[in-house]
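Sharing a structure here in structure tokens format.
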Amino acid sequence: MVPDIVEELEVGPDGKSLDLEFQRPIVSERDEHALEQALLLKERCGGSVTTMALESADVDDVLFTALAKGSDRAVKVAGVETPPTTAEAAALLAPVLRGLLDQKQVDLIVTGCSAIDDLDGLLGPFLAERLGLPYLGIVTGVVVGADSGRATVLKEYAGGVHAEYGIALPAVLGVQAAEKPPRYVPVAKVRAVMKSGKIETVSAAAPDQASLLQVVRMTKPEAAGHAEMIEGSPEEIASKVTDILSARGLL
Amino acid sequence: MAGNVWVLAEQWRGQLSDVTFELLVLGRELATTVGGPLQAVLLGHQVTDLAGKLGAADAVLHVDHPSLAEPSPEAYCRVLAALIEERKPRVLLVPLTNVSSDVLGLLAARLRIPLVNFCRDVRSADGGLEARCLLYGGKMETAVAVAGSPAVLGILPGSRAGAGARVDGKPTVEAVTVPLPAESPVQFGKYIEPPAGDVDVTKQDMLVSVGRGIQTQDNIELAQELAVALGGVVSASRPVIDQGWLPLTRQIGKSGATVKPKLYVAAGISGAPEHVEGMKDSELIIAINTDPQAPIFTVAHYGIVGELVEVLPALTEAVKAKKG
């Protein structure tokens with residue numbers, strides 16, 4: 001869960017973190033894509049999808065929404081007392097995933113490739129290292145063929161170039177964008193799932209690693225420069241802009 | 001706090017990335033303050049000639065191996081982990097790009113060393129390092145003290161101008177051998193080039209680029225009309241592409257194209273670092289956003305706070321009228 005950056009962000013009273021009092025957290029955009037990619041794989045290849053999240057405000061809504069979208073199980077890792085850093089989140093999630101891996105219930109772990117608050121780590125590679133699994137990030141497509149021991153993964157580079165990689169399963173993937181936009185699910189369907197669906201709860205083990213970073217302060221960024229602002233009615237603004245463009249020989 | 005400052009010299013498809021030179025500038029600043037040498041780490045296969053372009057570094061550590069011919073997070077991690085454990089640099093600066101970012105997390109987790117993400121600056125402070133990082137899509141800056149050494153820092157492209165580091169020369173090149181297994185669980189297959197047929201946004205003089213603030217696919221038509229009036233085309237930031245509203249060929253930024261048009265209209269684009277990286281060198285940037293604090297206004301030459309559905313049509317009409 002991350003702050004909605006469409007909203008105005010303010011520094012909290014400690015001067016080191018966001019003021020969350022008026023913030024309603026949302027699911028990290030890349031995690032939405034990770035779930036969508038998992039659901040697309042399930043539709044193509046069978047299997048099941050388990051959505052896992054650390055306990056936080058509004059996370060039940062998120063997990064019920066995942067069930068409404070087609071996830072088979074929803075697991076909440078409870079007992080998280082303060083919002084963890086990314087490194088701490090990996091330490092909390094890894095033991096739960098280890099248990100599922102040991103029961104051979106997992107072929108693929110998909111996460112968002114990054115989140116806007118990933119200060120001290122990246123969840124995918126941190127999980128992969130803890131679980132001893134291969135990792136590939138900036139993923140935009142996954143194909144699991146007849147050889148279920150491997151997947152073919154598309155990774156995105158600059159300029160619209162992609163590369164195809166083969167990866168041994170089980171593996172961890174950091175998804176940049178799913179093959180299709182994340183699906184919409186009507187609120188009525190989510191409400192129905194809230195009545196019939198179930199969130200499984202497991203307790204978090206104490207993380208074995210604290211963040212190796214110490215936040216000194218948080219501020220709004222100092223800008224090297226700032227735009228000259230053009231004000232007025234839309235028509236007045238448009239007139240000023242065309243004057244600027246004409247003066248530069250652009251019209 | 002002396003120690004070597006290392007820069008991962010990013011090469012992709014046989015070329016050094018622009019960001020490599022930006023990191024060398026930042027690395028030199030840091031090396032000067034911590035009192036250590038600046039070393040570039042060049043990984044690849046049959047790219048030894050690139051070392052000659054890294055004259056801004058005092059020395060180049062070069063590992064040549066067929067497994068490093070294409071970006072391979074696991075192979076890169078193995079090599080860098082071995083080098084770091086053996087030589088104990090103070091810090092490794094890694095470009096936050098699609099080529100290099102995978103190795104950041106793997107390396108930090110494998111060696112249990114500090115990782116600092118989204119850095120745009122780092123300096124020595126109180127005997128340690130203090131990094132400044134852009135979080136929340138560039139809306140907040142966090143200063144962090146980095147405990148422990150070595151540390152690995154992911155550096156945002158555009159954090160420095162790289163021109164000062166484009167120095168040909170003859171840095172000391174040390175060829176290092178690191179054993180790598182013949183088989184890797186992650187194996188490169190092939191590149192897939194972008195589909196041909198669409199316009200090439202890098203060759204356009206006028207771009208009207210739309211972001212999340214365009215709100216609906218239908219509203220893209222408003223940007224399209226302005227682009228046509230200007231004689232340009234519509235491009236977009238990541239959220240619009242992810243929605244499938246425009247093809248990938250129109251994407252500007254980290255995963256898309258880097259453009260330098262004569263005019264770049266940023267319509268409803270907040271200005272996250274990943275987007276700014278692809279358009280900051282445009283000759284004239286005009287940004288339109290409802291949020292007066294949007295980071296895009298720090299890189300734009302002119303800014304307009306307003307609703308796209310009002311401003312875009314007014315601009316289109318004014319451009320048409322001016323052109324007659």
Side-chain angles (χ1 to χ4, degrees), chain A residues 3 5 8-9 18 33 116-122 124-126 128-130 134-138 156-168 176-177 181 212-221 223 225-230 234-235 237-239 241-242 244-246 248 250-251, chain B residues 73-74 98-99 102 104-106 108-110 114-117 130 133-137 139-148 185-194 242-244 248-249 255-257 262-263 284 286-287 297-298 300-304 306 310-311 314-315 318-319 322-323:
Chain A
I5 57 171
E8 191 167 328
L9 303 183
L18 274 188
H33 281 268
I116 55 175
D117 59 354
D118 273 339
L119 179 61
D120 72 339
L122 293 153
F126 273 34
E129 278 298 307
R130 283 178 168 272
Y135 173 79
L136 196 67
I138 328 286
E156 188 175 86
Y157 286 104
V161 176
H162 288 75
E164 204 173 86
Y165 285 82
I167 191 164
Q176 169 78 282
L212 298 169
L213 308 183
Q214 182 186 357
V215 175
V216 177
R217 63 186 170 278
M218 179 178 282
T219 56
K220 298 207 169 180
H226 197 279
E228 180 181 328
M229 303 307 287
I230 303 172
E235 290 70 28
I237 288 169
S239 175
V241 169
T242 51
I244 292 165
L245 298 181
S246 292
R248 290 178 173 248
L250 295 175
L251 290 182
Chain B
E74 175 56 30
N98 290 5
V99 173
D102 281 356
L104 264 181
L106 292 177
R110 191 163 302 181
L115 183 159
V116 192
N117 208 7
E130 183 176 296
C133 310
L134 285 178
L135 298 182
Y136 307 115
K139 282 192 148 185
M140 285 290 172
E141 182 175 286
T142 298
V144 292
V146 187
V186 183
Q187 291 199 316
F188 176 84
K190 63 181 180 184
Y191 284 114
I192 300 167
E193 303 299 331
D242 282 351
Q243 285 298 323
L248 186 61
T249 46
S255 298
K262 291 179 179 173
L263 172 63
L284 177 64
I286 299 176
F297 290 131
T298 65
H301 301 96
Y302 293 96
I304 298 159
E310 296 174 355
V311 176
L315 274 175
V319 169
K322 202 84 168 184
K323 282 187 160 183

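Only this structure's heavy atoms are used, side chains among them; waters, hydrogens and symmetry mates stay out. What you see is a predicted model; the values in this text were computed from it and never measured. Within every chain, numbering begins at 1; the chains are lettered A, B, ... in the order of the sequence lines, protein sequences first and strands thereafter.
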Item to check | Spacing of CD belonging to Glu228(A) relative to NE2 belonging to His301(B), to within rounding of 0.5 Å | outcome: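 That separation rounds to 11.0 Å.
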
Checklist entry - Between Pro194(B), Ala300(B), Ala257(B), Gly244(B), which shows the greatest number of heavy-atom pairs under 4.5 Å with chain A? => result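 Going by pairs under 4.5 Å, I would pick Pro194(B).
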
Next on the checklist: Please rank Gly303(B), Gly105(B), Ala318(B) by heavy-atom pairs under 4.5 Å with chain A and give me the top one.
Outcome noted: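 Heavy-atom pairs under 4.5 Å are most numerous for Gly303(B).
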
Item to check | Point-to-point distance, once rounded to the nearest 0.5 Å, from OH of Tyr302(B) to CZ of Phe297(B) | outcome: 14.5 Å

Item to check | chain B contacts, top residue of Leu9(A), Leu136(A), Leu212(A), Asp120(A) (heavy-atom pairs, under 4.5 Å) | outcome: Leu212(A)

Item to check | chain B contacts, top residue of Pro181(A), Pro3(A), Gly124(A) (heavy-atom pairs, under 4.5 Å) | outcome: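 Result: the option with the highest number of such pairs is Pro181(A).
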
Next on the checklist: Can you tell me how far apart CG (Leu18(A)) and OH (Tyr136(B)) are? Round to the nearest 0.5 Å.
Outcome noted: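 One gets 4.0 Å once the value is rounded to the nearest 0.5 Å.
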
Item to check | Top of Cys133(B), Gly137(B), Ser255(B), Gly256(B) for chain A proximity - count of heavy-atom pairs under 4.5 angstrom | outcome: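 Highest number of pairs under 4.5 Å: Ser255(B).
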
Checklist entry - Roughly how far apart are Ile286(B) CD1 and Leu284(B) CG, rounded to 0.5 Å? => result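 If I round to the nearest 0.5 Å, the distance is 4.5 Å.
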
Item to check | Heavy-atom proximity to chain A below 4.5 Å, by part of Leu248(B) | outcome: side chain

Checklist entry - Quick one: CD on Glu310(B) to CG on Leu315(B), what's the gap to the nearest 0.5 Å? => result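 Between Glu310(B) CD and Leu315(B) CG, I get 12.0 Å after rounding to 0.5 Å.
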
Next on the checklist: So which residue, Leu122(A), Ile167(A), Val161(A), ends up with the most heavy-atom pairs under 4.5 Å with chain B?
Outcome noted: Val161(A)

Item to check | Heavy-atom pair count under 4.5 Å with chain B, highest-scoring of Pro125(A), Ala238(A), Pro134(A), Ala227(A) | outcome: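 The residue among Pro125(A), Ala238(A), Pro134(A), Ala227(A) with the greatest pair count is Ala227(A).
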
Item to check | Part of Ile304(B) within contact of chain A (heavy atom distance under 4.5 Å) | outcome: both

Checklist outcome for this item: Assert top hit (heavy-atom pairs under 4.5 Å, partner chain B, pool Gly166(A), Pro234(A), Ala168(A)) equals Gly166(A)

Next on the checklist: Please classify the contact of Thr242(A) with chain B as side chain, backbone, both or neither, using a heavy-atom distance under 4.5 Å.
Outcome noted: both

Checklist entry - What part of Lys139(B) lies closer than 4.5 angstrom to a heavy atom of chain A: side chain, backbone, both or neither? => result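 Both parts, backbone and side chain.
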
Checklist entry - What part of Leu106(B) lies closer than 4.5 angstrom to a heavy atom of chain A: side chain, backbone, both or neither? => result both

Item to check | Within 6.0 Å of NZ in Lys262(B), more than 12 heavy atoms from elsewhere | outcome: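 Incorrect, the count does not exceed 12.
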
Item to check | Contact origin within Thr249(B) toward chain A - heavy atom pairs under 4.5 Å | outcome: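 Neither part, no heavy atoms under 4.5 Å.
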
Checklist entry - CD/Glu164(A) to CD/Gln187(B) distance, rounded to the nearest 0.5 angstrom? => result 12.5 Å

Checklist entry - Between Asp242(B) and His33(A), is a side-chain contact (heavy atoms from CB on, under 4.5 Å) present by the stated rule, with each step listed? => result CA-CA 9 Å; Asp242(B) 282 351; His33(A) 281 268; 3.7 Å; yes

Checklist entry - In terms of the angle between their ring planes, are Tyr165(A) and Tyr157(A) parallel, tilted or perpendicular, with boundaries placed at 30° and 60°? => result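 Taking Tyr157(A) first and then Tyr165(A), their aromatic rings sit tilted (interplane angle of 30° to 60°).
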
